[in-house]
Amino acid sequence: MSAFDEDLFLKGLEQRKATLGAEYVEKNLAAADEFTRPFQEAMTAWCWGFGWGDDVIDAKTRSMMNLSMIGALGKMSEWELHCRGAIRNGVSQDEIRAIIHVIAIYCGVPQGLECFRVARKVLEES
């Protein structure tokens, strides 16, 4: 990595840990091997350093946007992870419910039900 990329990676690493939890991120990065490490580094720099790294949109709003988009895509493992992160970023249970209502309206009731199922699990663990 170049010095600029390294800076973006470190900025992303800080934001990624703040949202997803240091333990999760460190475990994830430690599990990366020669095959997956370049992707982990690029994703941390690009998604978390570049995408989450500015102050234009606050972390809570970004989390709410992510729940909506990931829910729309039906990527429930990622939705669960980002639901935990959203709570860490200050998204309330009522806000999560409202987000799921929008997902159900625009993406279908079955997808909304799936989001409620995962959200309930995450909220019970919190």
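Remember, predicted model here, so these are calculated numbers, not experimental data.
- In this structure, CD1 on Ile96 lies 13.0 Å from CZ on Arg120, to the nearest 0.5 angstrom.
- Contact check for Thr61 versus Asp58: side-chain heavy atoms found under the 4.5 Å cut-off.
- Taking every heavy atom of both residues into account, Gly112 and Ala104 meet most closely at CA-CB, 3.9 Å.
- For Lys11 (side chain) and Gly53 (main-chain N/O), a donor-acceptor pair under 3.5 Å exists by modelled atom type.
- With contacts defined as side-chain heavy-atom distances shorter than 4.5 Å, the pair Phe116/His101 qualifies.
- Glu95 and Ser92 share a donor-acceptor pair across their side chains, judged by distance under 3.5 Å alone.
- Under a 3.5 Å cut-off, the side chain of Gln111 and the backbone N or O of Ala72 do not form any donor-acceptor pair.
- Side-chain contact between Glu14 and Leu10 is absent, with no heavy-atom pair separated by less than 4.5 Å.
- Residues satisfying the salt bridge (charged side-chain N to carboxylate O under 4.0 Å, His left out) test with Arg97, not counting sequence neighbours, are Asp94.
- Counting non-hydrogen atoms of neighbouring residues, nucleotides and ligands closer than 6.0 angstrom, the CD atom of Glu125 exceeds 12 such neighbours.
- Clustering ILVMFWY residues whenever any of their side-chain heavy atoms sit less than 4.5 angstrom apart, transitively, puts Ile87 in a cluster other than the one holding Tyr24.
- Counting only N and O atoms by type, the side chains of Ser63 and Asn66 include no donor and acceptor under 3.5 Å apart.
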Checklist entry - Does the salt bridge (Lys or Arg N to Asp or Glu O under 4.0 Å) test come out yes or no for Arg117 and Glu114, once each step is laid out? => result CA-CA 5 Å; Arg117 184 188 64 74; Glu114 190 68 14; 2.7 Å; yes
Next on the checklist: side chain to side chain contact (heavy atoms under 4.5 Å, CB included) for Glu26 and Lys17? Distances and angles first, verdict last.
Outcome noted: CA-CA 8 Å; Glu26 289 166 9; Lys17 286 180 177 181; 3.1 Å; yes
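- Transitive grouping of hydrophobic side chains (ILVMFWY, heavy atoms separated by less than 4.5 Å) brings Val118 and Leu123 into a common cluster.
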Next on the checklist: Quick one, Glu80 with Arg84, criterion salt bridge (Lys or Arg N to Asp or Glu O under 4.0 Å). Give me CA distance, side-chain angles, the key distance, then yes/no.
Outcome noted: CA-CA 6 Å; Glu80 181 177 341; Arg84 284 189 183 89; 2.9 Å; yes
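- Placement of Val109 and Val102 in two distinct hydrophobic clusters is found when ILVMFWY residues are connected by side-chain heavy-atom separations under 4.5 Å, directly or transitively.
- Within a 6.0 Å sphere centred on CZ of Arg37, heavy atoms belonging to other residues, nucleotides or ligands number more than 12.
- Across all their heavy atoms, Glu41 and Phe9 have their closest contact at O-CD1, 3.6 Å.
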Donor-acceptor contacts under 3.5 Å from residues 42-50 side chains, at least two apart:
{"unit_1": "Thr44", "atom_1": "OG1", "unit_2": "Arg16", "atom_2": "NH1", "d": "2.8"}
{"unit_1": "Thr44", "atom_1": "OG1", "unit_2": "Gln40", "atom_2": "O", "d": "2.8"}

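- Nearest heavy atom pair, residue Ile103 against residue Cys115, reads CD1-SG, 4.0 Å.
- Heavy-atom minimum distance, Ser68 versus Ile99: OG-CG2, 3.6 Å.
- In this structure, Trp79 is a member of the same hydrophobic cluster as Val91, with clusters built from ILVMFWY side-chain heavy atoms closer than 4.5 Å.
- Between Arg88 and Thr19 the shortest heavy-atom distance is NH1-O, 2.7 Å.
- Judged purely by atom type and a 3.5 angstrom limit, Arg62 uses its side chain to pair as donor or acceptor with the backbone of Ile57.
- Cluster annotation: Met64 and Val56 are assigned to distinct hydrophobic clusters (Ile/Leu/Val/Met/Phe/Trp/Tyr, side-chain heavy-atom contacts under 4.5 Å, transitive).
- What you find for Ala59 and Gln15 is that their closest heavy atoms are CB-NE2, 4.3 Å.
- If you take CD1 on Ile70 and CG on Leu81, they are separated by 8.0 Å, rounding to the nearest 0.5 Å.
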